[in-house]
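Have a look at the structure below before the remarks.
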Number of protein chains: 2
Amino acid sequence: MKTIEVDEELYRYIASNTRHIGESASDILRRLLKLDEQLASVRRQPAPPVATAQGIHKILEQGELARQEAAIDRFMLILSELYKENPAAFAQASDIKGRKRIYFSDSEESLLAAGNTTKPKAIADSPYWVITNTNTGRKRNIVAQLMAAMGYSHGLIEQVCQSI
Amino acid sequence: MKTIEVDEELYRYIASNTRHIGESASDILRRLLKLDEQLASVRRQPAPPVATAQGIHKILEQGELARQEAAIDRFMLILSELYKENPAAFAQASDIKGRKRIYFSDSEESLLAAGNTTKPKAIADSPYWVITNTNTGRKRNIVAQLMAAMGYSHGLIEQVCQSI
DNA sequence: GAACGGATCGGGGGGATATTTC
DNA sequence: ACGAAATATCCCCCCGATCCGT
C-alpha cells in the first residue's frame with residue numbers, strides 16, 4: 001500500500017462513489033478509472049445455471065461428508081465441492097459478506113484486512129479463501145447464502161446445512 | 001489535503017500518467033477522472049425532464065431489489081438509483097423534510113443536528129446522505145415524496161414503494 | 001499471527017411500536 | 001380533546017471475535 005495526497009474536493013468525490021461500507025479508496029478508484037474493465041464486465045451478469053449438483057450429492061451420499069470429524073472440515077469440503085461444481089457461479093456468488101467482514105476472497109490479505117482474527121483458510125482445489133473464525137451456525141449460514149446465490153434448490157441447501 | 005491509500009498497481013498506474021514533472025497526484029487524478037468537467041455538468045442543472053427511469057425499471061425487473069434482505073437495503077438501493085438516473089432532479093427534490101428532521105443532505109452532521117439518533121447513511125454513488133431511523137412506512141413515504149418531486153408517474157411510484 | 005475449533009457473549013443494526021407533536 | 005403524522009426509544013436478532021476447552 002502506498003499513500004498519496006488528494007485535495008478536499010477530490011476526496012469528497014471519491015468518498016461519494018462508495019458502493020458499500022468498507023470499500024477502500026483503491027477499489028473505488030479502480031472502478032472509476034475502469035482499471036479492471038474486462039473483469040468488471042464479466043461479473044454481475046446472468047443468473048448462474050443450476051449446476052448438476054453431482055459432486056454435492058456424491059459427498060452427501062457416499063458419506064465423505066459424515067466422515068469428517070469437525071464442523072470446519074465439513075464446511076471446507078462443501079466449499080471445495082461447490083467451487084469445483086461450478087466455478088463461474090461460485091465466483092459470482094462469493095461476494096457475500098457480513099456486517100464488516102468479507103467472507104470470501106482470492107487473497108488471504110483482504111480477508112485479514114476486513115476484520116480481526118478472521119482465520120482465513122484456502123479452499124481446496126480453488127483460488128479462493130474463506131473466513132473461518134465463526135460458530136457453526138454462521139458456517140451453515142454462509143453455505144446457505146452461497147448455495148442460494150449459486151442457484152441450488154432450497155431442499156438441497158437444507159440438506160447440506162443439516163449435515164454440517 | 002487528505003491522504004488515501006492505494007495499492008501498488010494503482011499507484012504505478014497513476015504515476016505513469018504524469019504529464020510533467022512535479023504534477024501532483026491530485027492533478028493527475030482530476031485529469032483522469034475528468035473531475036472538473038463532471039462537476040461543471042452537475043452544477044449546470046440541465047432541467048429535470050422526467051428521466052427514462054431505465055435504472056429503476058432495471059432493478060425492479062431483474063430482481064436486484066427483491067434480492068435485498070432488509071427494507072433498509074431496498075431503500076438505499078432505490079435512492080442510489082434515483083440519484084444516478086437524474087442527479088439534478090434529485091438535488092432539487094431532496095429538500096423534503098419532516099416536522100423537525102431533515103431527510104436528505106450532503107453532510108452527515110446536518111442530519112444528526114436536526115434530530116436525535118437519526119442514523120444517517122451515505123447513499124451509494126452519490127454525494128448525499130439520508131436519515132435512516134424510521135419505520136418501513138415512513139421509508140415508503142420518503143421515497144414516494146422524492147419520486148413525485150422528481151416527476152415520476154404515480155404508477156411507477158406505487159410500484160416501487162410496494163416493493164420496499 | 002501461529003494450536004485450533006467454535007461456543008459464548010458483547011455490540012450494533014433494523015425497524016415496530018410507544019410517544020410526542022400538530 | 002381527538003386523530004393523524006412524525007419522532008425516536010427500545011427490543012430483538014444478527015454478527016463479530018474473544019476466549020475457553022480440547
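Chain letters run A, B, ... following the sequence lines, proteins first and then strands; every chain starts at 1.
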For A:R99 and for B:T132, locate the closest nucleotide of DNA chain C by heavy-atom distance; then report the residue assigned to the nucleotide nearer the 5' terminus. A:R99
Step-by-step side chain to side chain contact (heavy atoms under 4.5 Å, CB included) determination, B:K119 to B:I131: CA-CA 6 Å; B:K119 301 189 189 173; B:I131 248 146; over 6 Å; no
Just do the side chain to side chain contact (heavy atoms under 4.5 Å, CB included) check on B:N133 and B:R101 with the steps written out, would you? CA-CA 11 Å; B:N133 182 204; B:R101 291 150 132 190; 3.8 Å; yes
Answer with base, sugar-phosphate or nothing: what part of the nucleic acid does [X] contact at a heavy-atom distance below 4.0 Å?
X      : result
A:T134 : base
A:K121 : sugar-phosphate
B:Y103 : sugar-phosphate

Does CD in B:E69 sit with more than 12 non-hydrogen atoms of other residues, nucleotides or ligands closer than 6.0 Å? no
Under the 3.5 Å rule, do the base of C:dG12 and the side chain of B:K119 count as making a donor-acceptor pair? no
Using the P atom as the point on both nucleotides, what is the distance between D:dA1 and C:dA18, in whole Å? 23 Å
Find the distance A:N135:CG to C:dG11:P and express it as a whole number of Å. 18 Å
Does A:W129 offer a backbone N or O that forms a donor-acceptor pair with the side chain of A:S105 under 3.5 Å? no
Looking at A:Y103, is A:K97 sitting on its ring face, NZ or CZ under 6.0 Å from the six-membered ring centre and within 45 degrees of the normal? no
Can you give me the first and the last nucleotide of DNA chain D (5' to 3') that has an atom within less than 4.0 angstrom of a non-hydrogen atom in chain A? D:dC14 to D:dC19
Neighbours of DNA chain D within residues 104-117 of chain A, by heavy-atom distance under 4.0 Å: A:G115, A:N116, A:T117
